[in-house]
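These figures come from a predicted structure and were not determined experimentally. In each ligand, atom 1 is the first atom listed, and ligand 1 is the first ligand listed.
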Amino acid sequence: MSFQNPVFIPGPTNIPESLRKACDMPTIDHRSPLFGQILHPAREGVRKVLKSESAEVFIFPSTGTGGWETALTNTLSAGDKILAARNGMFSHRWIDMCQRHDLDVQVVETPWGEGLPADRYEEILTADTNHEIKAVLATHNETATGVKSDIAAVRRALDAAGHPALLFVDGVSSIASMDFRMDEWGVDVAVTGSQKGFMLTAGLAIVGFSAKAMAATETAKLPRTFFDVHDMAKGYAANAYPYTPAVGLLNGLNEACTMLLNEGLDNVFARHSRIAEGVRAAVGAWGLELCAANPSVYSDTVSAIKTPEGFNATDIVTHAAEKYGVAFGVGLGEVAGKVFRIGHLGSLTDVMALSGIATAEMCMVDLGLDIKLGSGVAAAQDFYRGNTASVQKDAA
Ligand SMILES: *Cc1c(COP(=O)(O)O)cnc(C)c1O
């Protein structure tokens with residue numbers, strides 16, 4: 001593996017030099033006003049990225065998975081009913097976590113490649129007249145399949161049913177890369193991590209709690225210690241953590257938020273969308289298909305690309321690493337061996353994306369797939385040439 005090539009895995013993502021520098025800092029007293037000067041702006045920056053006026057932002061030394069646990073354990077009690085759909089490996093793992101916490105999950109099995117079935121959610125919530133369902137889980141961007149779901153539609157389903165359940169959204173591979181509107185969508189807990197849209201190394205679980213989610217913490221009985229948001233809030237009030245914070249990463253997060261907000265969230269989303277369109281143009285030129293069932297669910301952060309029947313898609317990933325020193329994502333779970341993934345989120349330009357497309361193409365030709373060298377690159381080039389309007393602005 002070369003350290004010079006960008007990675008094309010859907011997280012961890014490429015780290016901009018300025019963020020690497022921001023993370024590299026001397027030890028400071030992590031219970032001091034100086035630490036507060038890093039912590040509070042970082043939380044404020046995250047709140048803006050979440051598009052929330054009033055969310056309580058908590059940042060744990062952990063990963064996105066710890067963010068899932070934070071959402072569940074602070075707001076729920078054993079035996080509580082949860083509604084969730086399984087349409088990929090990440091939604092599956094969150095469901096598994098619920099079950100291991102003795103939550104009673106009603107699982108809507110959904111074909112991998114499709115988005116969350118908001119209409120089924122509405123039927124189930126409408127039928128739950130006693131309001132036994134306490135929370136609805138929604139994976140905004142299923143990283144395993146490259147499928148985006150419509151969170152506004154899930155909110156509408158809750159509202160149409162007049163149901164008071166909390167709405168928890170896994171935005172680990174969407175937040176800071178794809179449009180996310182915590183307040184507008186009535187999200188009660190938003191979950192992400194540091195190593196995807198925020199362009200840092202793994203190490204932080206980042207969550208936003210709505211006022212309603214904070215109220216639920218008062219009665220929730222699931223055991224929690226490390227992820228207790230009340231302990232965390234008490235720490236924050238004293239410019240500290242209940243334990244030792246990852247100070248360098250928090251400094252990086254603060255800088256990452258500044259970068260994202262300076263670029264402008266809409267520009268960040270447009271850049272991801274443009275880069276993703278180029279990748280999709282290449283996939284089409286290769287004569288291949290996405291795992292994502294239709295354009296309305298295409299993810300702007302990761303493309304899961306189906307390879308022909310009888311071909312092991314994982315060979316592309318292995319070959320790319322061994323021959324070209326480039327990382328792509330393997331298929332996970334049900335789609336293992338059937339898809340390979342190009343991650344196109346975080347710190348990425350059109351030109352970097354072209355190098356990934358070119359490498360994938362070389363690998364597929366090397367491995368005997370019937371693909372014309374240069375076809376995908378040309379399709380992406382054509383798209384990028386015609387859609388460069390905001391590139392200069394991005395770079396600024
Ligand atoms: C990466 C990812 C996770 C898991 O996050 P970790 O930081 O690896 O714990 C959860 N959900 C989605 C959608 C992801 O992409």
Backbone N/O of Val7 and side chain of Asn14: donor-acceptor pair under 3.5 Å: yes
Separation between CD1 (Ile15) and CG (Leu200), nearest 0.5 Å, reads 7.0 Å
Between atom CG of Asn74 and atom CD of Glu69, what is the distance when rounded to the nearest 0.5 Å? 9.5 Å
Would you please write out the protein residues whose heavy atoms approach any atom of ligand 1 to under 4.0 angstrom, listed by chain and number? Thr63, Gly64, Thr65, Trp68, Phe90, Asn141, Thr143, Asp170, Val172, Ser173, Gln195, Lys196
Between Lys372 and Glu361, does at least one N-O distance fall below 4.0 Å, as a salt bridge requires? no
How are the rings of His140 and Trp185 set to each other: parallel, tilted or perpendicular (split at 30° and 60°)? perpendicular
Is the distance from the ring center of His131 to that of His163 below 6.0 Å? yes
